[in-house]
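In what follows, a single structure is set out as structure tokens and then discussed.
Letters go in sequence order (proteins before strands), and every chain restarts at 1. For the numbers below, each heavy atom of this structure counts, side chains included, while hydrogens, waters and symmetry mates do not.
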Number of protein chains: 2
Amino acid sequence: MLAFNWNARHAESNAISKVTTGDPDRLRLTDTIVDTFVLIMNVVDSRRLDPMNDGARMAVSLQDVANAAGVSIATASRALGNKGRVSEATMRLVRETADRLGYQVNTLGKALREGSDGVVGIVVPMVSNPFYASLVHEFEDHLAKFDLKMLIADSHGELDREIERLEALASRRVRGIFVVPAYFDESRPTIMDISRQLPVVQVDRRVENDEALSFVGIDNAGGIDQVLRHVSEQGAETVAFVGADDRTSVGRERRQAFAASVASLGLTAQKPVIDRYLFEFGLSAASQLMRRSKLPDAVIAGDDLIATGLLAGFVRRGRAVPEDVLITGFDGTILADICSPTLTTVRQPMAEIAEAAVTQLMRQIDDADSAGSHIRLRTTLRPGDSTGAATSGSRRRRG
Amino acid sequence: MLAFNWNARHAESNAISKVTTGDPDRLRLTDTIVDTFVLIMNVVDSRRLDPMNDGARMAVSLQDVANAAGVSIATASRALGNKGRVSEATMRLVRETADRLGYQVNTLGKALREGSDGVVGIVVPMVSNPFYASLVHEFEDHLAKFDLKMLIADSHGELDREIERLEALASRRVRGIFVVPAYFDESRPTIMDISRQLPVVQVDRRVENDEALSFVGIDNAGGIDQVLRHVSEQGAETVAFVGADDRTSVGRERRQAFAASVASLGLTAQKPVIDRYLFEFGLSAASQLMRRSKLPDAVIAGDDLIATGLLAGFVRRGRAVPEDVLITGFDGTILADICSPTLTTVRQPMAEIAEAAVTQLMRQIDDADSAGSHIRLRTTLRPGDSTGAATSGSRRRRG
DNA sequence: CTGAAAGCGCTTACAG
DNA sequence: CTGAAAGCGCTTACAG
């Protein structure tokens, strides 16, 4: 009955393209790539199985605790919150009562009274990008030290979604917001607006004219220079940049840094290939590069996703890395370890970015006027086999 | 001055192990692996740069809007909320006033009045695991259709943290919670507790004796069978399982399914290697397997992280995949595409998992008694080069 | 159609 | 040390 409803509801949506019935084990191998699956459902009447369930879902309030303990709600609040003078005895009484009743503070009431709750928001372009996934992870860790919870929002790199998310966070009166702006220009107005209402720290990417905003990111120019110096030492003379467009600050900084460093190092640059931070783009960029009369000695990717796409693209088309072409990434995600050959990349100090950004946000929470601090952290080169550098061993020991 | 404070505060923590000064460009290559970086800070006095900033951070309330529009707060609420009868004229007046004042509803007040706000929580073991990152991404998408925001919490696969996060979510009176339990046994008590207070749906993993709880996941036995059948067709006779322990439902289901399918397919199983879902474990498991008298024909990994670790481990030690040994993954993350050779893996229908879980949660929100529904979705085999199967082409067209 | 009032759950001056 | 009361911002019966 419930199962029937469920299927009916979903028959209307096209997310489930096809429902196959029959013995699951009999699904032929030829079906495997097709987006087909079987539902196995057991619907259980929870009323029978869980006698505790009836009458449940009735949250116990502080008033309930106070009544049960025979004290005023004010005293109950103080006893639980460890605020003001409360006698040892009542303190214990209230706490025991609260435990017995399974009391849990309603953060909504508390937050309303106090103006904000212990939540900060973070808006990232795409949590499924390993770099942002790790960043979010680090932020969560550092925020926990301040007893702050994190509300994560994914803008999908779209302006509309970003605006919606930022406003939702603001209306929720979060303590502050970390944001990786979707765009260098178009993201600015909303972020400026929001920053007038609550503490905002830009992370990784910035918007234009952001002197009044805070920012924590990395020295992209330094990172690109590290990697170009490295391929140069590995013997590369012609290099090509495969990165993202100028719509994000990171895209433009890395692209411009590439041009600058190539010039100062005396390398020859081929025409860059520019699109988005996607594995698929790296794949297609490899094809584009192979159609050129001459492959560059080294390809500098704008991030690890593109780099792994390039790697796969070249290898699938019969080119050897690093023998035929050197490849480098950027970010230092797990992807760099996973490829084979391992990827030479530029490591971002993610834990330190998170720590610096959290510290900055805390400062802005304490003092609204302390925005406008721009922090850039140093990257480190992580040599891998994709440039013919030993991951461990000689190069490292030399230091 | 601010910069100085910042450094001082951080000198106490050990997150910044060393601060190098001097020309960033002069950092020697030998330093690259070391956790060292330079801070580049510009601190700007935002009071000078942003004249709008003073007097800011004063949120405008509904009362403010009502006053400015010359109506009661009740009318203002109705006008903005589109509830009850309001004249066309006052409706417009109130809305214009609200816009002019930059009014944004305070979700805290609204939620307190209404009992809950439009937020659901999701607790995952590790957002930086690409599988969970993608899952979270899909959940966010599907929840948006119901105007629900998502509070993401990362349990790090630790029980203490999981309990803390679940309670924080509950005290925030979220509408419901999705949880990927850290453990099959130890996670049960808290999850049962919480499920008595608000709708809970287990995702991916379950706890023991969860008949009264809902669950949305995949048919792990079917997935393992798909992959074993596949390597068998590719000629494998001896197989080894490298997966996670029985502390999670997924770990035990896949391990048990392996034993069962091996028997029914007439394959020979080597002793399994069991630990955690980590790339590093896959790496070390490869070494362990190579110390055996005979390498198995195929290694079935418990997930893609382990599989990519195995792949890297074998390749680094001079074994060829798939020539010397076949390797398969599980989950169908981006990692499978990125490796080279591409990884044969079992794809989880992530969008459908998210859709089914969200649907189930919505049902539980509407009807507290509708928990206890267990849904398992079908996986699909995704053949890659790690088992000598073409990624695209003949095999697919045959269907 | 509109307003005065109550109340969601909590904390914190203010009196005692 | 403890309690009565106000109030955070909002919505919704209840009267008009």
Side-chain angles (χ1 to χ4, degrees), chain A residues 57-95 97-98 101-119 167-168 170-175 197-198, chain B residues 57-95 97-98 101-119 167-168 170-175 197-198:
Chain A
R57 302 261 173 105
M58 278 293 300
V60 10
S61 73
L62 186 58
Q63 189 60 260
D64 297 333
V65 175
N67 292 346
V71 298
S72 77
I73 186 177
T75 301
S77 174
R78 278 187 288 255
L80 259 23
N82 230 340
K83 305 271 182 69
R85 336 260 86 186
V86 189
S87 78
E88 182 79 9
T90 44
M91 175 102 131
R92 194 151 55 213
L93 172 64
V94 171
R95 298 209 160 176
T97 312
L101 267 46
Y103 172 71
Q104 274 192 139
V105 65
N106 182 330
T107 308
L108 259 24
K110 189 177 155 91
L112 180 59
R113 170 66 217 235
E114 294 178 337
S116 176
D117 58 352
V119 173
E167 287 178 346
S171 87
R172 180 151 280 106
R173 300 298 189 268
V174 293
R175 274 279 216 287
Q197 298 168 43
L198 42 78
Chain B
R57 300 263 173 104
M58 277 294 300
V60 9
S61 71
L62 186 58
Q63 188 62 258
D64 297 334
V65 175
N67 292 347
V71 299
S72 75
I73 186 177
T75 301
S77 174
R78 278 187 288 256
L80 259 23
N82 231 339
K83 304 270 183 69
R85 336 260 86 185
V86 189
S87 78
E88 182 78 9
T90 45
M91 176 102 130
R92 193 152 55 215
L93 171 63
V94 171
R95 299 206 160 177
T97 311
L101 266 47
Y103 171 70
Q104 274 192 137
V105 65
N106 181 330
T107 307
L108 259 25
K110 189 177 156 91
L112 180 59
R113 169 68 216 232
E114 295 179 335
S116 176
D117 58 352
V119 172
E167 286 176 347
S171 87
R172 180 152 281 106
R173 300 296 189 269
V174 292
R175 273 280 215 289
Q197 297 168 44
L198 41 79

Point to revise | Phosphate OP1/OP2 of dT2(D): any T90(A) side-chain N/O under 4.0 Å | key: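 Yes, within the criterion.
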Closest heavy-atom pair and its distance - [X], [Y]:
{"X": "D64(B)", "Y": "S61(B)", "answer": "OD2-N, 2.8 Å"}
{"X": "L108(A)", "Y": "R172(B)", "answer": "CD1-O, 3.7 Å"}
{"X": "V94(B)", "Y": "V65(B)", "answer": "O-CG1, 4.0 Å"}

Could you state the [atom1]-[atom2] distance from [X] to [N], rounded to the nearest angstrom?
{"X": "R85(A)", "N": "dG16(C)", "atom1": "CZ", "atom2": "C1'", "value": "17 Å"}
{"X": "Q63(A)", "N": "dG3(D)", "atom1": "CD", "atom2": "P", "value": "12 Å"}
{"X": "I73(B)", "N": "dT2(C)", "atom1": "CD1", "atom2": "C1'", "value": "14 Å"}
{"X": "K83(A)", "N": "dC1(D)", "atom1": "NZ", "atom2": "P", "value": "17 Å"}
{"X": "R172(B)", "N": "dG9(C)", "atom1": "CZ", "atom2": "C1'", "value": "14 Å"}
{"X": "L112(A)", "N": "dA6(D)", "atom1": "CG", "atom2": "P", "value": "17 Å"}
{"X": "N106(B)", "N": "dC8(C)", "atom1": "CG", "atom2": "P", "value": "18 Å"}
{"X": "K110(B)", "N": "dT12(D)", "atom1": "NZ", "atom2": "P", "value": "8 Å"}

Choosing from [options], which nucleotide comes nearest the side chain of [X]?
{"X": "V86(B)", "options": "dT2(C), dG3(C), dT12(C)", "result": "dT2(C)"}
{"X": "T75(B)", "options": "dA4(D), dG3(C), dC8(C)", "result": "dG3(C)"}
{"X": "R78(B)", "options": "dC10(D), dG9(C), dG3(C)", "result": "dG3(C)"}
{"X": "V105(B)", "options": "dC1(C), dC10(C), dC10(D)", "result": "dC10(D)"}

Revision key, fill the gap. Taking pairs as Watson-Crick (N1-N3 plus N6-O4 or O6-N4) or G-U wobble (N1-O2 and O6-N3), each distance under 3.5 Å, the stems of three or more consecutive pairs with DNA chain D are C:1-3 with D:14-16, C:5-12 with D:5-12, C:14-16 with D:1-3
Point to revise | Nearest-Å distance once atom P is located in both dC14(C) and dC10(C) | key: 23 Å
Review point. Does a side-chain heavy-atom distance below 4.5 Å link V60(B) with Q104(B)?
Key: no
Practice item. Side-chain contact test, heavy atoms from C-beta onward, threshold under 4.5 Å: evaluate it for V174(B) versus S116(B) and give yes or no. Key: no
Check your understanding: Between S61(B) and S87(A), who's closer to the 5' end of DNA chain D by nearest nucleotide?
Key ->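 That would be S87(A).
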Exercise for review: Output yes when a side-chain donor or acceptor of T97(B) lies under 3.5 Å from a complementary backbone atom of L93(B), and no otherwise.
Suggested key: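 Checked: pair present.
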Practice item. Check the pair R173(A), D117(A) against salt bridge (charged side-chain N to carboxylate O under 4.0 Å, His left out), reporting the backbone distance first and the verdict last. Key: CA-CA 7 Å; R173(A) 300 298 189 268; D117(A) 58 352; over 6 Å; no
Check your understanding: How is L62(B) classified with respect to the nucleic acid when contacts are heavy atoms under 4.0 Å: base, sugar-phosphate, or nothing?
Key -> base
